[in-house]
Amino acid sequence: MNQQMIAKALEQVRKTNPLVHNITNVVVTNFTANGLLALGASPVMAYAKQEVEDMARIAGALVLNIGTLNETEVEAMKLAGKAANGHGVPVIFDPVGAGATPYRTLTARSIMEEVNVSVLRGNAAEVAQVVGHHWEIKGVDAGEGNGNVTQLAIEAARQLGTVVAVTGKTDIISDGTTTYACQNGEAILTRVTGTGCLLTSVIGAFAAVLNNPLEAAVAAIVTYGVAAELAAKESADQGPGSFQIALLNKLAQVTGEDVVRLGRVELL
Amino acid sequence: MNQQMIAKALEQVRKTNPLVHNITNVVVTNFTANGLLALGASPVMAYAKQEVEDMARIAGALVLNIGTLNETEVEAMKLAGKAANGHGVPVIFDPVGAGATPYRTLTARSIMEEVNVSVLRGNAAEVAQVVGHHWEIKGVDAGEGNGNVTQLAIEAARQLGTVVAVTGKTDIISDGTTTYACQNGEAILTRVTGTGCLLTSVIGAFAAVLNNPLEAAVAAIVTYGVAAELAAKESADQGPGSFQIALLNKLAQVTGEDVVRLGRVELL
Amino acid sequence: MNQQMIAKALEQVRKTNPLVHNITNVVVTNFTANGLLALGASPVMAYAKQEVEDMARIAGALVLNIGTLNETEVEAMKLAGKAANGHGVPVIFDPVGAGATPYRTLTARSIMEEVNVSVLRGNAAEVAQVVGHHWEIKGVDAGEGNGNVTQLAIEAARQLGTVVAVTGKTDIISDGTTTYACQNGEAILTRVTGTGCLLTSVIGAFAAVLNNPLEAAVAAIVTYGVAAELAAKESADQGPGSFQIALLNKLAQVTGEDVVRLGRVELL
């Protein structure tokens, strides 16, 4: 996976407008839908157990996010996940706040057990909790703990048998064998809620057009990071409100040329 | 209904600040509330079966939207709808994603059967599904299928015995006898989530101050389309994030004079 | 409490990034999380009965808001509230729309009875309903009724045995003995949904770093009002969409010096 291939994948997303089915938290639904629309994907949110299987089957990707989980929603996530699995629809999982409470940690693990997840994306603390390592966590915005993030991503990928994307200052994406490091992104992303959740959904959009989950995660993370950098430039020092809006603008405007010029990804 | 009458209706909305009770989807709640507030209406979201009847009774209009429907919410919608019916409060219905899953289609139809709806607003695919015609649909953002939209609106209005507003490039509003076509609006509306849902709620605001649901729908659609055009001009090529914010600004600032000058509506 | 002490409290919020656990309404979740993040606090939304006690215990403050209440959520609020009480975590309560329906009024009162609330924040109509006085109300955005707001705040504080903040043109904060009046803020706050709800959560952020709920409420209200004034200046006459974004920007940028220079608070 290199910048040229990512640029091509971005073009495919915009050409095919993949339907991305999100079962996500109530904090980020609007921002997630707008981010996917801006990028060129077609978002749908559907939660009822009466329809999640039907929706997941016709989607290009299914994104599960436990940010404001409850019993009913978790049940719907598993139904949707299994339906997606049965129809070759990639499932992307964001274990928001795993480790903050036992309920989140156990739910995250049970989803990983019952659903065949193509890509797990979280910060280091969340990913560590899913695989059972100890890592410092505070609420849902934790992330910079101690420990070797690259090693965590590789071990988690091997243990879980899936692609793992650990995002932070440097983003590490691994399938246990092949591992990439991405350096794009901006610190101000941490001052806007849902930027991680939206990234997970953007991975869904790329997974819908690429057959390779590892490459989809890398392509999404680089594209998103480049858009964030352009947004930070546009919104300058105006603050997180303006950055949020600029990020939506730039998800619509970022080009393959921007990705080739600004993308910073390397195979480790 | 002409531009002058629409301008007068807009003035009435701003003078009376009608309470619009929304039972709507989790993606658009914030945008809907802000859009109604900007326009000059007074939004309230209330979902619990213990209070929806009380709230609907004191509202100027009730707006039902199945974008992220579930069993409990649908039950609340029907309770609220019947309470509104019993007190002469107009009910506006948005069958988001009807056709995307059987559950949505059947729920949309059952709401139309059990509640006396004053205005049904959807894109062509959704409206067609509610009346049982075949129309192409993809997720919840579908809309431009093949078929004569004007004919669909008229037939649906006759079959359902209500005002039907089919929105798209051209918006068609019909009560089965009288039919209007509106040409306002901007393509970028399709790049921002919830712009259709907000329009449905804006119809509620106008229905609260006009006794005629057909005229309320026309007035809302023209006013909203003009505001969108002003917003597109203000936000120029900045992108969908900026357009979303500009639309809220312009819903607050659009004047009767703007409507008279820019409104494009004709009786068919 | 004076401007210098408020400036110092703001510094403490930014230094300690307190975790604020919100059980709030679906309309304002995104705006609330972004406002808290902008200010320097660490927001978390968690609603499931399986985790609210665990989350409340590790939080710096718990914020309860009944804007879109339902049975399950109210149960979770009480569980979380009692857990917070048991661990010395201050609870801030926003009785959104109390008086609009009997269900809201009764729920607001039952929360006040079952949970030891540190600060109750609402408009005059809502606070009056919680203590059982008659006050005019329309939907959830009411507020400017007739009656002496200062007297209401003092009486409510005495009757409820808690700090009461009645916000409106002038904000009155009282513990029944000591009473402050704040004059900061902007009229345009009423044109953006959730500005009151976010303020309640901001009180939570200050309550997490100050041991005194009365002073926390005053500090939050003055800081927020000053940020709103700076935001109104930045967004000028652009409209409520731009003001909303500017408010997030200014919550991130407002300094202790701004508070000292612009804060208008007096001990009554």
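Note that these values count all heavy atoms, side chains included, but never hydrogens, waters or copies made by symmetry. Below, chains carry the letters A, B, ... as their sequence lines are ordered, and counting in each starts from 1.
The salt bridge (Lys or Arg N to Asp or Glu O under 4.0 Å) contacts involving residues 21-40 of chain C comprise nothing, where partners must be two or more places apart or lie in separate chains.
Separating the CZ atom in F31(A) from the CG atom in N30(C) is a distance of 8.0 Å, to the nearest 0.5 Å. Of the inter-residue distances, the one linking L106(A) atom CG with Q50(C) atom CD reads 11.0 Å to the nearest 0.5 angstrom. Separation of atoms CD (Q244(A)) and CD1 (I245(C)) is listed at 5.5 Å; rounding is to 0.5 Å. Atoms CD and CD, on Q238(A) and E234(C) in that order, are 6.5 Å from each other to the nearest 0.5 Å.
Residue contact with chain A, scored on non-hydrogen atoms closer than 4.5 Å, involves the side chain of K49(C) exclusively.
A donor-acceptor distance shorter than 3.5 angstrom exists from the side chain of Q253(C) to the backbone of D237(A), with no hydrogens or angles considered. Remark: the backbone N or O of E51(C) is not paired with any side-chain donor or acceptor of T101(A) at under 3.5 angstrom. A donor-acceptor contact shorter than 3.5 Å is absent between the side chain of D54(C) and the backbone of P102(A).
Residue V27(A) forms a side-chain contact (heavy atoms from CB on, under 4.5 Å) with just one option from T29(C), N22(C), V44(C), T32(C), and that option is T29(C). If you run side-chain contact (heavy atoms from CB on, under 4.5 Å) between Y47(C) and each of N25(A), L69(A), V26(A), only V26(A) comes through.
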Next item on the list: Decide yes or no on side chain to side chain contact (heavy atoms under 4.5 Å, CB included) for V192(A) and L37(C), but give the supporting numbers first.
Entry: CA-CA 7 Å; V192(A) 176; L37(C) 271 178; 5.7 Å; no
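Taking both residues in full, the closest heavy atoms of G241(A) and L248(C) are given as CA-CB, 3.8 Å, listed atom of the first, atom of the second, then distance. For the residue pair N249(C) and G239(A), the shortest heavy atom distance occurs at OD1-C, 3.1 Å. When every heavy atom of R191(A) is checked against every heavy atom of A38(C), the shortest pair comes out as NH2-O, 2.6 Å.
The 12-atom threshold is not exceeded at CD of E11(C), counting heavy atoms of other residues, nucleotides or ligands nearer than 6.0 Å.
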